[in-house]
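Right, one structure below, let's go through it.
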Amino acid sequence: MKFTRNLFALFALFVLPVMLYVAACGSKTPEYSYAGPGSKWGVTLKEDGTFTITHAPDTQSEIDMTVNGTYTRLTTGFVKLVVTSATGTDAPDVGEEAYGLEIPGFAFMLKPVGDDSNVIPMVASGNCPTADIASNWIMLEKANTSDATNTTQDWYGTFSHNVTTNVSNVATKYNLVNTT
């Protein structure tokens with residue numbers, strides 16, 4: 001029960017505000033690109049309501065799948081992506097849908113099209129920041145050996161980045177147990 005209560009608190013503190021922020025942004029935002037970990041995923045959401053998703057087996061390999069389509073910002077704050085064309089390994093069919101959650105210009109969480117059921121966390125890619133950053137962070141996927149009841153494992157917190165010194169700092173770390 002305590003874990004469920006802490007998980008709800010985490011949702012209320014981080015996910016719900018993001019969903020409300022994104023929903024309030026309106027239907028048109030500038031073009032943003034995001035890159036994911038491990039195998040190389042990339043997403044670009046364009047201002048005209050179209051998107052491109054790319055995938056490569058790893059960061060050193062050539063792109064083996066490209067997906068194009070249109071996207072809609074739902075009133076829930078989620079982004080609905082509909083495939084209009086796709087090529088390559090394990091490419092989805094035209095008409096398939098995927099969903100994502102975007103913090104415009106910072107992060108995008110993609111629930112991929114096709115058979116892959118893992119949510120892929122991505123961060124902004126492209127140009128380096130030109131202004132200092134102070135924001136929140138959250139761990140989206142921990143190792144299979146992680147224990148949410150462990151008081152020494154960090155799951156979320158705050159960080160900052162100074163562009164003049166090019167130094168990042170994780171200011172606070174919190175676990176899911178005994179948080180206030």
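Numbers here are sequence positions counted from 1. Side-chain atoms are counted along with the backbone in the values below, which use heavy atoms only and exclude waters and symmetry mates.
To the nearest 0.5 Å, atoms CG (Asn169) and CZ (Phe159) are separated by 10.5 Å. Atom OG1 of Thr50 and atom CD of Glu31 lie 8.0 Å apart (nearest 0.5 Å). One finds the CG atom of Leu101 at 8.5 Å from the OG1 atom of Thr76 (value rounded to the nearest 0.5 Å).
Across all their heavy atoms, Met65 and Pro92 have their closest contact at SD-CD, 3.9 Å. Between Val67 and Ala86, the closest heavy-atom pair is CG2-CB, 4.1 Å. For the residue pair Thr66 and Ile63, the shortest heavy atom distance occurs at OG1-CG2, 3.7 Å. Closest heavy-atom contact between Tyr71 and Lys46: OH-O, 2.7 Å.
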>> Set out, in order, the CA-CA distance, both residues' side-chain angles and the distance that settles side chain to side chain donor-acceptor pair (under 3.5 Å) for Thr158 and Thr172, then state yes or no.
In response: CA-CA 5 Å; Thr158 61; Thr172 58; 2.6 Å; yes
>> Assess the residue pair Leu81 and Leu110 against the criterion (side chain to side chain contact (heavy atoms under 4.5 Å, CB included)); give the C-alpha distance rounded to whole Å, side-chain angles, the decisive distance to 0.1 Å, and a yes or no.
In response: CA-CA 10 Å; Leu81 302 107; Leu110 172 66; 4.2 Å; yes
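Linking Ile, Leu, Val, Met, Phe, Trp and Tyr residues whenever their side-chain heavy atoms come within less than 4.5 Å places Val119 and Phe78 in a single cluster. The hydrophobic clustering, which links ILVMFWY residues whose side-chain heavy atoms are closer than 4.5 Å, places Trp137 and Ile133 together. No chain of hydrophobic side-chain contacts below 4.5 Å, direct or via other Ile, Leu, Val, Met, Phe, Trp or Tyr residues, connects Val82 to Ile53.
In this structure, Phe108 and Leu45 have side chains that are in contact, with non-hydrogen atoms separated by less than 4.5 Å. When side chains are defined from C-beta on, Val83 does not count as touching Asp93, because their heavy atoms never get closer than 4.5 Å.
With respect to His161, the side chain to side chain contact (heavy atoms under 4.5 Å, CB included) criterion is satisfied by exactly one of Asn166, Asp132, Val167: Asn166.
Using a distance-only test at 3.5 Å, with no hydrogens or angles considered, no donor-acceptor pair links the side chain of Tyr32 to the main chain of Ile103. Although no hydrogens or angles enter the test, the distance criterion places no donor-acceptor pair under 3.5 Å between the side chain of Thr72 and the main chain of Lys80.
No hydrogens or angles considered: nothing links the side chains of Lys40 and Thr54 as a donor-acceptor pair under 3.5 Å.
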